[in-house]
Protein chains: 2
Amino acid sequence: MSQGLSTTSYALLGLLAFDGAPTSLTGYELKQRADRTLRFYWVSPAMSQVYSELERLAGLDLVTASSEQTGRRKSRRYQITPAGLEELQSWLTSSTADFPTLKHPAALRLLMGHLIPPERMRGLMQDYLDQLTRRRAELSEVRTMLGDREAVRYPAMVADWGLGYYDSETRIVTELMQRLPG
Amino acid sequence: MSQGLSTTSYALLGLLAFDGAPTSLTGYELKQRADRTLRFYWVSPAMSQVYSELERLAGLDLVTASSEQTGRRKSRRYQITPAGLEELQSWLTSSTADFPTLKHPAALRLLMGHLIPPERMRGLMQDYLDQLTRRRAELSEVRTMLGDREAVRYPAMVADWGLGYYDSETRIVTELMQRLPG
DNA sequence: TGTAGCATGTAAGCCGTTACATGATTGA
DNA sequence: TCAATCATGTAACGGCTTACATGCTACA
């Protein structure tokens with residue numbers, strides 16, 4: 001029922017709800033999971049934010065926190081609660097999803113193309129193509145790890161979405177480069 | 001030289017540098033211009049942010065502000081300075097563009113597809129397709145306004161980029177929907 | 001006469017980042 | 001023994017949004 005959660009909170013909650021049998025994760029592990037999934041479609045929250053979000057969720061009883069002491073080292077593990085799962089499901093079904101927000105520095109620069117020499121603009125676009133190649137390789141690795149297991153059907157679909165997006169960007173930018181003057 | 005500008009500051013500065021002969025715009029007009037261009041690739045800053053950014057830029061002498069008094073009504077017009085143009089150009093050429101940031105609520109929901117019934121998930125994807133259609137129509141209108149005038153060659157390229165992106169999203173999501181169970 | 005749009009701001013607050021601080025464990 | 005990685009936080013701050021306040025102008 002708690003309305004005041006940010007989308008990133010729900011995203012982290014979702015990562016905790018990933019495994020069939022509820023697993024408990026440390027903030028550190030959760031961050032790693034975010035870097036393999038969320039990063040491509042949402043954000044990669046800073047470690048500090050992961051910890052503070054987890055504590056907030058714990059305060060709302062959407063996750064339980066258990067302090068462990070392995071040897072002399074303390075660590076906290078978090079696990080989604082039934083209430084947390086319910087909250088997450090009701091968010092998924094009740095709320096309407098906003099249109100995606102895109103912050104595209106390369107497109108922004110192209111918009112101001114008239115201010116710099118065309119060769120320079122071509123260089124910027126080439127940089128973006130290179131970045132795309134690297135990103136695609138990273139995501140492709142994730143996709144390979146997922147395979148075609150039924151359990152990760154949805155993550156695999158989202159990964160394919162991302163790969164399709166990167167391919168489309170590559171195609172579009174390549175075409176645009178041919179329209180640059182000079 | 002001033003390093004401390006945000007990308008949004010540069011974006012607004014860029015909008016002020018759009019016309020061949022430096023025009024002066026009010027905050028209100030600048031916001032409208034942003035809604036026709038920046039919105040699709042960067043952000044649509046809130047009015048309050050537009051005003052505060054403009055004042056900051058004025059403080060750095062990157063724009064000049066002139067107060068006008070039409071009748072009993074005061075309004076401020078802003079114009080880019082030579083220093084502002086130089087700063088903008090040096091940002092364009094010297095800085096490396098970050099990889100785009102995508103916040104994609106629909107993809108985030110698909111990631112957690114296993115938590116809700118497939119019909120519900122299909123509904124969410126259909127909602128996104130509808131949003132895409134509307135957005136595409138908006139951008140298409142902008143693109144039509146631009147035509148093929150040499151003066152707006154770059155904005156036209158960016159608009160085509162956006163249209164290509166929306167088309168690619170539509171294609172990808174349509175295919176993904178067929179992979180949903182049930 | 002009243003409502004929609006034009007126009008300009010201030011204040012509060014959230015989200016998220018960077019920088020900083022601290023310490024344990026693993027392995028080269 | 002030193003560096004990398006694991007692990008957990010706090011503090012400060014920036015960017016951006018929402019809510020609020022104000023008043024004019026055009027027009028139905």
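Every chain is numbered from 1 and lettered A, B, ... according to where its sequence line falls, protein lines coming before strand lines.
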What nucleotide among [options] has an atom nearest to a side-chain atom of [X]?
| X | options | result |
| --- | --- | --- |
| A:S6 | C:dG16, C:dG9, C:dT18 | C:dG16 |
| B:Y28 | C:dT17, C:dA7, D:dC6 | C:dA7 |
| B:S48 | D:dG15, D:dT17, C:dT17 | D:dT17 |
| A:Q32 | D:dT8, D:dC16, D:dC6 | D:dC6 |

Quiz item: If you take atom types as modelled and just measure distance, does the side chain of A:S75 reach the base of D:dT8 with a donor-acceptor pair under 3.5 Å?
Solution: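 Looking at the base of D:dT8, it does not pair with any donor or acceptor on the side chain of A:S75 (distance under 3.5 Å).
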
Can you measure [X] atom [atom1] to [N] atom [atom2] for me and round it to whole angstrom units?
| X | N | atom1 | atom2 | answer |
| --- | --- | --- | --- | --- |
| A:E29 | D:dC6 | CD | P | 10 Å |
| B:L25 | C:dT8 | CG | C1' | 16 Å |
| A:R77 | D:dC6 | CZ | P | 14 Å |
| A:L38 | C:dC15 | CG | P | 16 Å |
| A:R76 | C:dG23 | CZ | P | 19 Å |
| B:E55 | C:dG9 | CD | C1' | 10 Å |
| B:L5 | D:dG14 | CG | C1' | 13 Å |
| B:K31 | D:dC16 | NZ | C1' | 12 Å |

Examine [N]: is either OP1 or OP2 under 4.0 Å from a nitrogen or oxygen in the side chain of [X]? Give yes or no.
| X | N | result |
| --- | --- | --- |
| A:Y51 | D:dG9 | no |
| B:Q49 | D:dG15 | no |
| A:K103 | C:dG16 | no |
| A:R56 | C:dC15 | yes |

Within the structure shown, what part of the strands sits under 4.0 Å from [X] by heavy-atom distance: base, sugar-phosphate, or nothing?
| X | answer |
| --- | --- |
| A:S9 | nothing |
| A:S44 | sugar-phosphate |
| B:T26 | sugar-phosphate |

Practice problem: Answer yes or no: is there an ion pair linking A:D19 with A:R33, defined by an N-O contact shorter than 4.0 Å? | Solution: yes

Quiz item: Is a donor on one side and an acceptor on the other found under 3.5 Å between the side chain of B:S9 and the backbone of B:L5?
Solution: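 Not confirmed, B:S9 side chain does not pair with B:L5 backbone.
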
Practice problem: Would you please indicate if the ring centroids of B:F40 and A:H104 are separated by under 6.0 Å? | Solution: no

Self-check item: Centroid separation A:Y165 to B:Y165 less than 6.0 Å
Solution: yes

Quiz prompt | In one Ile/Leu/Val/Met/Phe/Trp/Tyr side-chain cluster, 4.5 Å: A:V142, B:I172 | solution = yes

